[in-house]
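All remarks here apply to the structure that follows.
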Amino acid sequence: MTCLNKVAAFLTVIISTVLLISPGCLGIGAQTAEDEPEMTTVAEATPEQEPEFPQMIEQPTDRASFSTHNSAETELLSQRIMSEPSSLKNSDFEVLEGKHNDLFFGLGADLNGGYLAAYNTAVRTYRSDPEGASYELEYFFLADELKRYPLELGIEARDRIVEYMAKYLGMGVDGVWEPELYPYVCGFCGDDYVVFTGYSLDSPHTKRLHVIYRSDDGENWYEFGGCNDSYYQPSVTGARILSDKVGYLSLYSLSYNDGRDFRVVRTEDGGQSWQELDLTIPEEYYGYGRSGAMSPYFNGDNGVIIIWLEYYEEDNAQYIGRRYCWFITHDGGDTWSFGAPEG
């Protein structure tokens, strides 16, 4: 096949994939798993409007906002908690600050066809009009592709998210609404599960629904039960699906009335029902303003859930800083004990 034919074949795959998804969802990241992903724009723009990424961040009127996930750091710290908890200090957890605990999902394509990809970095760039006009053009980029899943999973998840937005949040008209979900959708994933957590790259307050999928063979996927209709319709700030029966969700809501903003729930029947774990913060740590739980980490029967506590000045509510602690189990999640680093 000539070079020209290869290019034509590649463009045919890209166009076919975009048409399959819908005009509202554009493919991102045309690359193989082995290659370094290229920065690719996802917003609608004319060729005259769309500058190259390096050009945008070099211009003084432009700015870029990078969002990265901390799943890898969370797992490394969880492993240290299991093996050497006494060596940890609160400063060791500072690597988690300013990052999301979840991943970002986007639709991509290569010579083999379309796919759904999980990314650890999202970039939003803003460019002012050269004449100083008030409007801005927004471009989205995703980098550092971590995992790939079937394209059909991404399409089904998009439709389910739209359905749940209408059902649980009252968004849309009669359930008919097709926003450009990708690359806005965040979530969590593993080799055999994906948890989508709604339609935003921003605050956890805006991700108040979820849909979970699981696979036994990596090819055929089915919906794992969720808990959108309970626990005050919380945001999901962490997730771990361990089997076709057992899974964990870390939830966040300001509606909880016991001083904690988080709950961690477990299912043992494939998501048909969820039970709250007994995770009580000792009184010596009281005084925090906000709190949250990250994704549970497991190694066999041993598991860790990292918790963050934010403290504020009483008189002016100025942010002071975070303290970190954890809950650990050695019996597969039946019982949990509190722990905390020094300093």
Side-chain angles (χ1 to χ4, degrees), residues 28-29 42 65-78 93 95-108 116-124 140-149 153-154 157-158 160-161 164-165 169 179 181-214 224 226-228 231 233-242 247-253 261-265 271 290-298 304-308 310 322 324:
I28 58 174
V42 194
S65 174
F66 290 76
S67 299
T68 58
H69 81 98
N70 59 26
S71 296
E73 291 91 339
T74 301
E75 293 199 1
L76 289 174
L77 286 166
S78 297
F93 292 79
V95 66
L96 303 179
E97 296 194 30
K99 294 183 179 181
H100 295 256
N101 191 211
D102 46 9
L103 303 172
F104 313 109
F105 291 95
L107 301 171
L116 174 73
Y119 297 83
N120 75 339
T121 304
V123 185
R124 290 179 291 181
F140 289 83
F141 305 84
L142 297 177
D144 303 324
E145 181 182 300
L146 299 179
K147 293 182 181 296
R148 289 185 180 184
Y149 302 94
L153 177 61
R158 175 201 64 191
R160 186 67 78 188
I161 289 172
Y164 284 175
M165 283 180 173
L169 303 181
L181 290 178
Y182 300 107
Y184 303 83
V185 173
C186 302
F188 308 86
C189 67
D191 292 333
D192 57 1
Y193 72 90
V194 184
V195 180
F196 300 95
T197 60
Y199 175 54
S200 175
L201 290 176
D202 299 312
S203 150
H205 302 291
T206 60
K207 293 180 285 190
R208 292 172 44 224
L209 60 85
H210 56 273
V211 57
I212 307 171
Y213 289 92
R214 191 183 175 279
F224 192 95
C227 57
N228 286 298
Y231 298 99
Q233 291 185 332
S235 303
V236 177
T237 60
R240 186 76 62 184
I241 308 301
L242 298 178
Y248 291 80
L249 294 176
S250 299
L251 309 177
Y252 176 92
S253 175
D261 299 327
F262 70 89
R263 298 287 187 273
V264 180
V265 296
R290 296 176 59 217
S291 57
M294 297 184 177
S295 291
Y297 172 81
F298 278 86
V304 171
I305 304 172
I306 295 177
I307 308 294
W308 53 265
E310 286 189 351
R322 277 188 177 187
Y324 290 86

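Side chains are part of it too, since the values below use all heavy atoms of this structure and drop only hydrogens, waters and symmetry mates. What you see is a predicted model, and the numbers here were worked out from it, not measured in a lab.
Taking the salt bridge (Lys or Arg N to Asp or Glu O under 4.0 Å) definition, one finds that Arg240 meets it with Glu75, sequence neighbours left out. Annotation: side chain to side chain contact (heavy atoms under 4.5 Å, CB included) contacts of Leu76 (sequence neighbours excluded): Gln79. Residues passing the side chain to side chain contact (heavy atoms under 4.5 Å, CB included) test with Ser250, sequence neighbours excluded: Thr237, Val264, Ala293, Pro296. For Glu97, the side chain to side chain contact (heavy atoms under 4.5 Å, CB included) test picks out Glu94, Tyr319, Arg322, Tyr324, with sequence neighbours left out. Partners of Ser291 according to the side-chain hydrogen bond (donor to acceptor under 3.5 Å, both in side chains) rule, which considers only residues two or more places apart in sequence or in another chain, do not exist here. Checked against ring pair (Phe, Tyr, Trp, His ring centres under 6.0 Å), Tyr164 has the following partners two or more places apart in sequence or in another chain: Tyr168. Among residues two or more places apart in sequence or in another chain, the ring pair (Phe, Tyr, Trp, His ring centres under 6.0 Å) test is passed with Tyr248 by Phe298.
For the atom pair CG of Leu96 and OG1 of Thr74, the computed distance is 5.0 Å after rounding to the nearest 0.5 Å. Taking CG of Asp102 as the reference point, atom CE of Met294 lies at 11.0 Å (rounded to 0.5 Å). Here the CD1-CG distance, from Ile241 to Leu249, works out to 5.5 Å after rounding to the nearest 0.5 Å.
Nearest heavy-atom pair across Ala118 and Tyr149 is CB-CE1, 4.5 Å. When every heavy atom of Leu153 is checked against every heavy atom of Tyr213, the shortest pair comes out as CD1-CG, 3.5 Å. Closest approach of Cys189 to Lys147, counting heavy atoms only: SG-CD, 3.9 Å. Taking both residues in full, the closest heavy atoms of Tyr193 and Ala239 are given as OH-O, 3.9 Å, listed atom of the first, atom of the second, then distance.
Side-chain contact between Leu116 and Phe105: present, with at least one pair of heavy atoms (C-beta onward) separated by less than 4.5 Å. Proximity of Thr121 to Leu142: side-chain heavy atoms (C-beta onward) are nowhere separated by under 4.5 Å. Taking 4.5 Å as the limit, some side-chain heavy atom of Trp308 sits within range of a side-chain heavy atom of Arg290.
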Full working for side-chain contact (heavy atoms from CB on, under 4.5 Å) between Phe196 and Arg160: CA-CA 10 Å; Phe196 300 95; Arg160 186 67 78 188; over 6 Å; no
Trace of the side-chain contact (heavy atoms from CB on, under 4.5 Å) decision for Phe93 with Leu77: CA-CA 8 Å; Phe93 292 79; Leu77 286 166; 3.7 Å; yes
Full working for side-chain contact (heavy atoms from CB on, under 4.5 Å) between Asn120 and Ser71: CA-CA 9 Å; Asn120 75 339; Ser71 296; over 6 Å; no
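Checking Val211, Val194, Val195, Ile212 one by one against Phe224, the side chain to side chain contact (heavy atoms under 4.5 Å, CB included) holds for a single residue, Ile212.
In this structure, His210 contributes its side chain and Gly187 its backbone to no donor-acceptor pair below 3.5 Å.
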